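See below for the structure under consideration.
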Amino acid sequence: HGAGAWGESTGAFSVTYTVKADGLPLAGVYCRMTTDVAGLVNVDAGTTNAAGEVTFHHDLPSGTTVYIWRSLAGYNFSDYDTEVIP
């Protein structure tokens with residue numbers, strides 16, 4: 001799973017990701033960020049809060065494409081969401 005323990009990344013940078021369902025924030029969604037479309041190179045992971053937000057910590061340069069994998073019982077997310085590090 002790469003360096004570091006899940007949810008304990010110590011990256012120098014952070015980015016907040018928001019999950020919504022039907023336009024409303026979705027709490028309790030387990031999200032993980034990878035740098036590959038296969039989902040094998042993990043960067044960080046976390047669970048969304050009441051505002052549907054999770055903060056990922058990373059050391060990636062601006063412009064890096066990342067893939068966000070989401071999981072929550074009762075919801076069927078498309079495979080991944082593609083984002084670009086600002």
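Please read all numbers here as calculations on a predicted model, not as lab measurements.
- Under the 3.5 Å distance criterion, the side-chain polar atoms of Asp44 are matched with a main-chain donor or acceptor of His57.
- Scored by the ring-ring contact (aromatic ring centres under 6.0 Å, His included) test, Phe77 finds no partners at all (sequence neighbours excluded).
- Nearest heavy-atom pair across Phe56 and Ala45 is CE2-CA, 4.0 Å.
- Atom-to-atom distance recorded for Arg70:CZ and Arg32:CZ is 12.0 Å, nearest 0.5 angstrom.
- Distance check, rounded to the nearest 0.5 Å: OG1 of Thr64 to CZ of Phe13 gives 10.0 Å.
- Heavy atoms only, all atoms of each residue included: Leu72 and Ala27 are closest at CD2-O, 4.0 Å.
- Identified under the side-chain hydrogen bond (donor to acceptor under 3.5 Å, both in side chains) test for residues 46-56, with sequence neighbours left out: Thr16-Thr55.
- Closest of all the heavy-atom pairs between Met33 and Ile85 is CE-CD1, 4.4 Å.
- Taking all atoms of both residues into account, the shortest heavy-atom contact from Pro25 to Gly52 is CB-N, 3.7 Å.
- Chaining together hydrophobic side chains whose heavy atoms lie under 4.5 Å apart places Val37 alongside Tyr67, Trp69, Tyr80.
- Membership of an apolar cluster is not assigned to Leu24, as no side-chain contact below 4.5 Å to another ILVMFWY residue is traced.
- Asp36 pairs by the side chain to side chain donor-acceptor pair (under 3.5 Å) definition with nothing, not counting sequence neighbours.
- Atom CD1 of Ile68 and atom OG1 of Thr34 lie 7.5 Å apart (nearest 0.5 Å).
- With contacts defined as side-chain heavy-atom distances shorter than 4.5 Å, the pair Tyr30/Val54 does not qualify.
- With sequence neighbours excluded, the residues that form a side chain to side chain contact (heavy atoms under 4.5 Å, CB included) with Ala21 are Leu26, Tyr75.
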Given side chain to side chain contact (heavy atoms under 4.5 Å, CB included), test Val66 with Val84 step by step and report yes or no. CA-CA 6 Å; Val66 295; Val84 176; over 6 Å; no
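- Looking at heavy atoms from C-beta onward, Pro86 lies in side-chain contact with Val15 at the 4.5 angstrom threshold.
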